[in-house]
Amino acid sequence: MGFIGIVKDRLKADKKVTLTEDYKNDYIAYDAMPFAYVHDVPLTIKSKNITTDYYSPKNIWEYFDYDVSNIKEKLIESSEQKSRYTITFPVSDYFYGIKKEKSVEHHFNGAVTIDIDIIFPEHKTNKSLIILNSFYKQTADKILEKFLDNGYTIIIPDFNALKNNTRTSFPEELEFCYLSAIQKNTTSLIEKDIILNEKKKNKKYLKLTDKEKHQPYVLPVDHLTKIMFNVKNNTIYWYTYFIRKTLHFLTKGLKIIEKPAIVAFKESGDSALQVAGLDKDLISAVGLINYSIYPELYDVQKYRTQNFEPISEETLRWIQSLSGVSYIKNLSIPLIFADPINDPKCNPDRLIDLTKIVKSPVDIFLSNNRDDNIAVQSFEEFLIRLDSAFYGSLFPAHPLTTINENNLPRISVTIKVDNSIPVDSVYISYGYFEYEHSIRVWHTLSCEKVNDTEYIIHFDLPAADDRHDLYYYAQVKYLNGIRVTEFPKYYEIRQYTNKQEPTNLNYPLFECSQPESEFKTYMFDNISDLSKKYDILTENKMGILVENYNDAIALSNNVKLFKPKDGPYGIICENNSMVLFIGNKCENKVSTSVMKVTSYSDLKTYPLEIHLVLNNPEETMYSASKIVKSNGRNYTSTIFECRDFRDKHSDYLKDWKTVKKVIIASHNVAIYEIVIL
């Protein structure tokens with residue numbers, strides 16, 4: 001009989017699970033809060049008079065068709081630079097619906113067509129990779145060019161019908177694989193679901209058709225986020241199915257590539273990890289960009305979570321059956337993560353849980369104070385690690401940190417490093433107090449060398465109330481350019497009694513007063529090679545403005561220093577907006593406080609547009625814009641009140657307390673200071 005650990009009562013964030021010897025081999029997923037470990041025999045659960053099953057990956061994929069002989073390919077385009085294929089293959093499976101509170105089966109037969117682009121580098125190598133786009137956006141051409149410049153042959157399967165003029169198509173039963181009806185140039189899919197929902201709610205409505213009886217969802221997006229009665233009603237299951245068929249066809253059918261890497265962006269990371277666990281002998285490595293682990297728990301913080309509710313049965317069913325983490329316990333190929341550390345939908349705090357799950361080497365590259373893209377430096381480090389998967393290169397071990405709190409509020413951190421390669425420098429990145437990862441402000445300091453294998457850093461904690469938390473990770477840069485990053489960690493400081501700072505101090509959220517020689521690139525890169533004299537930029541009184549880049553990887557820097565004729569240095573972004581993470585700096589501000597933004601533009605008059613994002617699950621955004629007159633020589637201060645900011649419903653901002661980040665939406669406007677008075 002199978003077994004699953006189900007969270008039925010409220011759990012503390014630090015609750016641990018002890019696995020008996022009987023079940024250690026069936027260990028599937030583990031976290032500080034949710035957990036699930038199962039036998040390969042599904043456990044039948046009765047809930048709301050419906051009998052359903054919890055499936056493990058082995059159950060789900062037991063009858064997957066590995067045969068490539070029934071795949072029909074068609075060459076659409078061929079040149080030295082690019083080939084385009086379509087592949088068509090039959091699909092036949094069972095759906096589960098509901099009728100009079102009893103499970104029923106619905107069998108279908110159909111065919112799926114997938115559009116595949118294969119792009120060749122100018123200088124061919126034995127390296128190839130399959131790129132899995134985000135569910136909602138194609139990978140930018142500039143990013144593809146970076147991979148091509150590194151000698152990769154790129155395969156892009158349009159598994160989700162995202163491409164313009166795509167030839168990808170799904171049978172009628174799999175229409176939910178079109179994430180938007182717009183992608184199919186029709187609104188019929190949404191209309192059908194709305195009508196179906198009305199029929200279910202209104203008993204006097206027309207009788208359900210046979211097809212409608214087997215449709216348990218309200219809108220197509222539900223297929224992306226819910227398992228309901230069976231995992232085979234889920235979009236991600238089918239995306240993984242399509243990607244696996246593509247992989248088997250390219251490696252065993254056409255035989256044009258051998259053991260490619262898989263690089264996935266954002267939501268497609270789950271499918272990438274599923275393929276890695278199911279077909280690990282066919283691939284060399286898995287790289288995930290802007291994807292952490294347990295994305296289904298993005299709104300449940302790992303540490304010090306308040307008012308935590310029991311994990312639902314549906315979430316447990318997801319973790320066991322479709323969560324990418326449930327597929328990688330026996331993985332031996334490299335896993336490489338490149339994450340923005342403040343992404344609301346990507347929580348790097350949970351990356352440390354991989355050490356409890358996988359056997360494979362795992363590397364992580366983090367970009368501080370970014371929420372939807374990674375810095376170019378992190379991407380370059382990602383590429384170095386991806387290359388090594390093809391050449392069998394060995395990387396130094398991750399650094400190990402030890403915290404010493406004997407002289408609070410002074411904290412001492414000791415870092416043990418692997419010096420198998422000569423070490424250039426060691427850094428510590430840290431954030432204070434804020435358990436909500438998406439609004440945590442990160443600072444970086446250079447560490448002092450003690451001996452060849454040990455470094456140390458001392459810094460003072462700011463005053464706090466009841467939040468005595470330290471979030472940190474170390475990073476080692478070696479002389480050959482390689483960087484190795486520690487998993488982000490958490491440390492609870494238990495004896496911190498420093499008094500709360502007075503609430504009437506008006507420290508700036510941002511201030512740029514450093515001369516150009518000291519500014520360098522610190523504000524833009526994850527880690528920069530600055531000496532301690534530049535660490536003033538990371539003090540708690542200041543924030544760091546970074547470019548709010550449009551793509552997953554910030555391949556260029558449009559943020560620059562700017563100096564008016566009679567004023568100090570400020571920073572300016574030429575093409576995109578800039579974002580400032582402010583942590584909890586506004587929580588003691590009253591509604592009558594005002595925001596002063598000191599700005600400059602070469603134009604005589606210019607719009608100053610500001611967005612404020614709140615710390616709530618919806619990430620509500622409030623916007624304000626004012627016309628500023630420039631004096632042509634120095635900065636101008638503009639005052640914003642709460643009532644100047646409105647959300648999409650035209651409601652006013654009530655107070656400053658839950659503002660978590662400030663976005664400067666105006667282009668080519670230099671900012672010197674942002675402060676709330």
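None of these values were measured; they are calculated from a predicted model. Heavy-atom basis, side chains included; hydrogens, waters and symmetry copies ignored. All residue numbers refer to positions in the sequence shown, counting from 1.
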Any side-chain donor near an acceptor of the partner, Tyr291 and Asp270, under 3.5 Å: yes

Salt bridge (Lys or Arg N to Asp or Glu O under 4.0 Å) partners for Lys142, two or more places apart: none

Shortest non-hydrogen separation from Ala276 to Leu331 and the atoms involved: O-CD1, 3.2 Å

Sole residue of Ile572, Ile571, Val662 in side chain to side chain contact (heavy atoms under 4.5 Å, CB included) with Met578: Ile571

Side-chain (Lys127) to main-chain (Asn150) donor-acceptor, under 3.5 angstrom: yes

From Ile674 atom CD1 to Leu509 atom CG, the distance as rounded to the nearest 0.5 Å: 6.5 Å

Whether Glu381 side chain and Arg483 backbone form a donor-acceptor pair below 3.5 Å: no

Contact list for residues 656-667, test side chain to side chain donor-acceptor pair (under 3.5 Å), sequence neighbours left out: Asp371-Lys661, Ser438-Lys660, Glu619-Lys660

Flag, side chain of Thr401 to backbone of Ile415, donor-acceptor distance under 3.5 Å: no

Interatomic spacing from CD1 in Ile403 to NZ in Lys489 - rounded to 0.5 Å: 8.5 Å

Side-chain (Ser268) to main-chain (Asn133) donor-acceptor, under 3.5 angstrom: yes

Heavy-atom neighbours of Lys280 NZ exceed 12 at 6.0 Å: yes

Candidates Tyr430, Trp442, Tyr427 - the one meeting ring-ring contact (aromatic ring centres under 6.0 Å, His included) with Tyr473: Trp442

Partners passing side chain to side chain contact (heavy atoms under 4.5 Å, CB included) against Thr453 (at least two apart in sequence or in another chain): Asn419, Asn451

Any donor-acceptor N/O pair, Tyr600 side chain to Lys563 backbone, under 3.5 Å: no

Heavy-atom pair with the smallest gap, counting every atom of Tyr472 and Leu470: CD2-O, 3.9 Å

Results of side chain to side chain contact (heavy atoms under 4.5 Å, CB included) for Asn290 - residues two or more places apart only: Lys266, Pro340, Asp343, Asp372, Ile374, Ala552

Qualifying residue, where the test is side chain to side chain contact (heavy atoms under 4.5 Å, CB included) with Tyr152 and the options are Thr125, Asp387, Val263: Asp387

Main-chain N/O of Ala397 paired with Asp418 side-chain donor or acceptor, under 3.5 Å: yes

With Ser292 via side chain to side chain contact (heavy atoms under 4.5 Å, CB included) - residues at least two apart: Asp339, Cys346, Leu351

Cation over ring face, Arg440 and Tyr471, 6.0 Å, 45°: yes

Rounded distance [0.5 Å steps], CD1 in Ile456 versus NZ in Lys449: 15.0 Å

Listed partners of Asp551 passing salt bridge (Lys or Arg N to Asp or Glu O under 4.0 Å), at least two apart: Lys137

Six-ring centre of Phe395, Arg385 cation under 6.0 angstrom, axis tolerance 45°: yes

From NZ (Lys477) to OG (Ser425), nearest 0.5 Å: 5.5 Å

From Ile364 atom CD1 to Gln475 atom CD, the distance as rounded to the nearest 0.5 Å: 9.0 Å

